[in-house]
Novice: 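Handing you this structure, nothing more for now.
The sequence lines fix the lettering, A, B, ..., with proteins before strands; numbering per chain opens at 1.
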There are 2 protein chains.
Amino acid sequence: MRKDAVQNRERLLQAARQLFADGGLDVPLEEIARTAGVSIGTLYNRFPTRDALVEAVFADRVATVADLAERALAMDDAWDGFVAFLTGVCELQAADLGYNDLAARTAPVDGDRGYGLMLKILDRAQRSGELRPDVTLADMAFVLWGVAATIRATHEVVPGAWRRHLALTLDGLRTATAHPLPAPPMFTEQTRAALRKC
Amino acid sequence: MRKDAVQNRERLLQAARQLFADGGLDVPLEEIARTAGVSIGTLYNRFPTRDALVEAVFADRVATVADLAERALAMDDAWDGFVAFLTGVCELQAADLGYNDLAARTAPVDGDRGYGLMLKILDRAQRSGELRPDVTLADMAFVLWGVAATIRATHEVVPGAWRRHLALTLDGLRTATAHPLPAPPMFTEQTRAALRKC
DNA sequence: AGTTAACTTGAGGCATCTTTCAACTTGAGG
DNA sequence: CCTCAAGTTGAAAGATGCCTCAAGTTAACT
């Protein structure tokens with residue numbers, strides 16, 4: 001790749017990173033190109049679809065989440081680790097509206113490195129007795145989707161409101177309060193299908 | 001109003017009710033007019049803005065929710081009443097994607113009849129000792145926003161999934177599990193402002 | 001039956017965003 | 001310095017949805 005092409009690609013990524021973070025995933029592509037000081041045609045050259053651009057912008061997040069997961073597993077207390085992990089992911093969401101949108105269309109059911117780690121976090125917390133035994137990884141989607149909705153509504157007005165939402169949600173995941181659940185957990189395939197609808 | 005105008009209005013409401021329910025609040029107005037067998041101009045005659053149409057379509061919901069609230073208050077057990085109320089509202093959301101969208105842009109902070117009733121439901125459940133004392137009416141927005149997000153993602157694939165989400169959330173609202181919350185509740189004005197952003 | 005105000009119509013203008021592509025420019029190897 | 005493949009450009013076409021208004025139609029009253 002020619003060096004000017006590399007530079008333009010980098011500028012586009014930088015502009016997209018900024019605009020996604022501030023305005024969510026639906027920012028007009030023209031605006032991204034303009035901010036990058038590049039024509040819309042160049043944007044299409046480098047990233048044939050919006051998804052390609054989104055993927056490139058948030059590529060590092062996969063590793064970030066995996067790191068969060070590993071750090072959570074390294075914590076002494078299983079429940080604390082579980083809480084730290086979810087809090088960390090939500091902090092990523094709160095810090096970047098684009099990633100928040102992405103999280104609302106993603107679930108902890110992917111096949112990547114994070115998946116296995118998350119299972120471990122969950123399993124360890126359940127074995128410790130603090131996390132209720134009847135929740136599954138698929139239920140974490142409820143947590144993230146819910147907090148994503150709160151972040152989207154409140155980020156400008158009450159920046160920290162989501163922490164309260166998350167805290168309430170976490171209390172619902174503790175064994176101490178557990179009451180029988182009215183519906184079975186979602187199958188992985190169902191969760192995946194649900195996301196395809198967004 | 002001329003009788004044909006009345007009829008057209010009715011047809012428009014009926015079409016809108018159906019299309020909102022199936023496709024959410026963002027259905028094109030042209031499609032609504034077409035479904036009603038009426039021109040787009042007539043739609044604009046009767047409902048100058050989209051909001052006017054939405055308001056007309058869902059006008060009855062205010063009373064429905066108030067009824068739900070009254071029935072909840074009539075229940076013997078305060079906690080059961082609280083649960084029945086929230087479940088009822090979520091059922092309305094699940095049955096109508098339009099109302100689900102509306103709920104995501106609405107909060108139990110309005111000045112209408114329902115407001116006082118909801119306060120009573122909450123207060124009674126807290127006095128009974130089952131509902132944790134540190135939650136406020138504003139926190140109910142988290143519940144409804146969260147469930148709305150789950151409904152939107154899963155309604156086609158796993159129709160009842162939201163009940164599980166709600167059940168987990170409700171367990172987080174019980175006194176038995178209550179842990180200190182990390183952020184103060186939202187002020188009414190903050191909640192209102194948050195909704196203006198949607 | 002005539003009159004008229006109320007009502008309806010739908011093409012067209014506007015706005016926004018996406019996507020393509022033929023013409024032009026430029027980096028880099030020889 | 002020459003060449004040309006790689007890269008850039010931005011106008012233009014396309015898609016979608018909102019909204020208006022001049023012209024035509026009709027209910028309803030006398």
Novice: Would you say the side-chain atoms of Thr150(A) pair up with the backbone N or O of Val147(A), donor to acceptor, closer than 3.5 Å?
Specialist: no

Novice: If the condition is side chain to side chain contact (heavy atoms under 4.5 Å, CB included), which residues does Ala178(A) pass it with, not counting sequence neighbours?
Specialist: Arg132(A)

Novice: dT18(C) C1' sits how many Å from Leu53(A) CG, rounded?
Specialist: 14 Å

Novice: Throw together a table of side-chain donor-acceptor distances under 3.5 angstrom for residues 3-16 of chain B, partners on residues two or more places apart or in other chains.
Specialist:
from: Asp4(B); atom 1: OD1; to: Arg2(B); atom 2: NE; distance (Å): 3.2
from: Asp4(B); atom 1: OD2; to: Arg2(B); atom 2: NH2; distance (Å): 3.0
from: Asn8(B); atom 1: ND2; to: Asp4(B); atom 2: O; distance (Å): 3.4

Novice: Any side-chain to backbone donor/acceptor pair from Asp101(B) onto Gly24(B)? Under 3.5 Å, distance only.
Specialist: no

Novice: What integer distance in Å separates Ile32(A):CD1 from dT18(C):C1'?
Specialist: 13 Å

Novice: Can you list, pair by pair, the side-chain donor-acceptor contacts under 3.5 Å of residues 56-66 of chain A, counting residues two or more places apart and other chains?
Specialist:
from: Arg61(A); atom 1: NH2; to: Asp96(A); atom 2: OD2; distance (Å): 3.0
from: Thr64(A); atom 1: OG1; to: Asp60(A); atom 2: O; distance (Å): 3.1

Novice: Please name all residues satisfying side chain to side chain donor-acceptor pair (under 3.5 Å) with Asp22(A), sequence neighbours left out, ordered by chain then number.
Specialist: Gln18(A)

Novice: Rounded to whole Å, please give me the gap between CG in Leu43(A) and P in dG10(D).
Specialist: 14 Å

Novice: Using the test side chain to side chain contact (heavy atoms under 4.5 Å, CB included), find all partners of Leu73(A) that sit at least two apart in sequence or belong to another chain.
Specialist: Leu117(A), Lys120(A), Ile121(A), Arg124(A)

Novice: Run the side-chain donor-acceptor check on residues 30-43 of chain B: report pairs under 3.5 Å with partners two or more places apart or on a different chain.
Specialist:
from: Thr35(B); atom 1: OG1; to: Glu31(B); atom 2: O; distance (Å): 2.7
from: Ser39(B); atom 1: OG; to: Gly41(B); atom 2: N; distance (Å): 3.2
from: Ser39(B); atom 1: OG; to: Thr42(B); atom 2: N; distance (Å): 3.4

Novice: If the cut-off is 4.0 Å, is Thr42(B) near the phosphate of dT9(C), judged by side-chain N/O to OP1 or OP2?
Specialist: yes

Novice: Please list all pairs passing the ring pair (Phe, Tyr, Trp, His ring centres under 6.0 Å) test where one or both residues lie in residues 130-161 of chain A, with sequence neighbours left out.
Specialist: Phe142(A)-His165(B)

Novice: For each nucleotide in nucleotides 15-28 of chain D, reading 5' to 3', give B when a protein heavy atom comes within less than 4.0 Å of its base, S when such contact involves only the sugar-phosphate, and - otherwise.
Specialist: --SBBB-----BSS

Novice: Take atom CZ of Phe47(A) and atom C1' of dT8(D), then tell me their distance rounded to the nearest Å.
Specialist: 15 Å

Novice: So what does the secondary structure string of DNA chain C come out as, 5' to 3', with Watson-Crick or wobble pairs under 3.5 angstrom, [ ] for crossing and | for pairs with another strand?
Specialist: ||||||||||||||||||||||||||||||

Novice: State plainly whether the residues Arg50(B) and Glu55(B) are in salt-bridge range, i.e. N to O under 4.0 Å.
Specialist: no

Novice: Report yes or no: does Gln126(B) contribute a side-chain atom to a donor-acceptor pair with the main-chain N or O of Val135(B) at less than 3.5 Å?
Specialist: yes

Novice: Please give me every residue in residues 97-105 of chain A whose heavy atoms get under 4.0 Å of an atom in DNA chain D, ordered by residue number.
Specialist: none

Novice: Contact class for Arg46(A) vs. all strands (heavy atom < 4.0 Å): base, sugar-phosphate, or nothing?
Specialist: sugar-phosphate

Novice: Whether the side chain of Thr175(A) engages the backbone of Leu131(A) through a donor-acceptor N/O pair (distance < 3.5 Å, no angle test) should be reported.
Specialist: yes

Novice: Hey, can you pull the residues of residues 11-24 of chain B with a non-hydrogen atom under 4.0 angstrom from DNA chain D?
Specialist: none

Novice: Going by the rule side chain to side chain contact (heavy atoms under 4.5 Å, CB included), which residues pair with Asn45(B) if we only count those two or more places apart in sequence or in a different chain?
Specialist: none

